[in-house]
Every structure is written in structure tokens, then in C-alpha cells.
Amino acid sequence: MRIPAITETKRVLLSWSSGKDSAWTLYQLQKDPAVEVVGLLTTFNSQFKRSAIHGVRQQLLQLQAEAAELPLIEIPLPWPCTNERYETIMERALVDARAQLQIDAVAFGDLYLEDIRRYRETQMAGTGLDLVFPLWQIPTDQLAQQMISGGLKAVITCLDPRVMPEHLAGDQFSHQLLAELPETVDPCGENGEFHTFAWDGPMFKNSVSVIAGEVVKRDGFVYADLLLEDSL
């Protein structure tokens, strides 16, 4: 009688931006019986207490992590922050995360940008950690539709007004939004056209209900501040 081999579950730390791609990546990992997501890793601007790039209030990311029932590892970044300084900080953060959570791999929500993937692979070479890209090379028109039809709810927090209408800042990521996007804009915003905050979906046990607050233009981008609905 053959005894089945015991397969160890891979302990995965997920790079967390607060947006739809991170959230959908989490959902795909949650469905994989060979994977256990043990934490979310995020960076934030230490001066403004907001997530890097997306500009979301730190409190909202903490509520996302609670909704996902996962610990949130928050990495403060100085402002301004050089790339060299960023890499040093992240290297230390991964060493600490590996010791604290006994992780085997780090997952990313990247979709198709080869240079970004190569950068991650180069930076993590020698760490002993595997890299996981659950959404890699899924056609983004299909992926966007899958996310929305699958129950993911997100709102645009930042957009590039050079390629998108400014009035879309604060809009929900929806079928209607996809229909309104200029043809030159990637449906998932993979080229930096827009960024989002995921506030509900099958990856969360409860929603993080937000409303769009003040819309401002800063450093060439349009940001829609998000406020926790229950706090108003």
C-alpha cells in the first residue's frame, strides 16, 4: 500500500498596496490549498501616514487587514526616500518578516510589466524566499471583468490626468468605469494610469465602507481622499 506524500503548505507574505490587484491576489491565494497567507506587507509615507503611491490613510489599510483576518506589517518610509534607502529598508523588513512569520515566499499582484518583475527577482535573489505572481499575464481586460463580476469592490484613489479624465477620481471600479476609460488606458491601470482602494470582496470577512472626500492635484496626479463612512 502506497502512503501519500505529505505536502507542506507554503507560508506566504503578500505585498499589499491596498488596491484591487493586491486584494484579488489575496483571493487567489486563499483558494489555493497549498498556500497559507500569513501576513500583509505594506509601506507608508512616515510623514503623512499614508500608503505609498496610492495615498490612502494608514488607518484604512489596518481595517483592510482586520477584514482579511491577517496581521499587517507596516514599513515606514522617510520622505523623500531614495531608491537606495528604500531597498535597504525593505531588505531589513523581509529579514524580520521571515524570522517572525517563518515565511517561505512573498507574493505580488503584478500583472505583466517585465521590468518590475525582474527588479523584484533581482532584489530578492539570495533571500531564500520564493516569489509568487498569481495574476501574472492574465489579460487585463478579462481580469478586470473577473474582479468586478467576482464581487471585488474598489474605488479610484489616484489617477494620472494626462491619460484619464480627472472627474473619475473617487469613482467606483465597475463595469461602467471600464466602459468610460479611454482606449489607451489599461483596464487594470497596470501602467500607472490609476490606483484603487479595495473596500469589499470575497477576500474580506466584512467591508471597509469609505466615501470619497477632498479631491486634490499633487505632483502631477489627482488624488481622491478616502474617509471611513462610519466616522462621519
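What you see is a predicted model; the values in this text were computed from it and never measured.
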Identify every side-chain donor-acceptor pair in residues 152-176 under 3.5 Å, counting partners at least two apart or on other chains, and give the distances.
from, atom 1, to, atom 2, distance (Å)
T157, OG1, H54, O, 3.2
T157, OG1, H195, O, 3.4
D160, OD1, R162, N, 3.0
D160, OD1, R162, NE, 2.9
D160, OD2, R162, NE, 3.2
D160, OD2, R162, NH2, 2.7
E166, OE2, K217, NZ, 3.3
Q172, OE1, W199, NE1, 2.9
S174, OG, Q176, N, 3.4
S174, OG, L177, N, 3.1
H175, ND1, Q145, OE1, 2.8
Q176, NE2, E180, OE2, 3.2

Can you list everything that forms a salt bridge (Lys or Arg N to Asp or Glu O under 4.0 Å) with [X]? Sequence neighbours excluded, please.
X	value
R98	none
R92	D96
E121	R117

All ring-ring contact (aromatic ring centres under 6.0 Å, His included) counterparts of F221, not counting sequence neighbours | none
Just distance, no hydrogens or angles: give the donor-acceptor pairs under 3.5 Å from side chains in residues 131-144, sequence neighbours left out.
from, atom 1, to, atom 2, distance (Å)
T140, OG1, D186, OD1, 2.8

Taking all atoms of both residues into account, what is the closest heavy-atom pair of P202 and W24, and its distance?
-> CG-CZ3, 4.4 Å
Does any pair with a residue in residues 52-68 pass salt bridge (charged side-chain N to carboxylate O under 4.0 Å, His left out), and if so which ones, sequence neighbours excluded?
-> R57-D225
Can you tell me which residue pairs pass the salt bridge (charged side-chain N to carboxylate O under 4.0 Å, His left out) test with a partner in residues 13-26, sequence neighbours excluded?
-> none
Residues forming a side-chain contact (heavy atoms from CB on, under 4.5 Å) with D219, sequence neighbours excluded | none
Side chain to side chain donor-acceptor pair (under 3.5 Å) filter on T127, not counting sequence neighbours, yields none
Give every donor-acceptor pair under 3.5 Å between a side-chain atom in residues 31-43 and any protein atom, sequence neighbours left out.
from, atom 1, to, atom 2, distance (Å)
D32, OD1, A34, N, 2.9
E36, OE1, R11, NH1, 3.4
T42, OG1, W16, O, 2.9

Apart from F48 itself, residues in the same hydrophobic cluster as defined by side-chain heavy atoms under 4.5 Å | W79
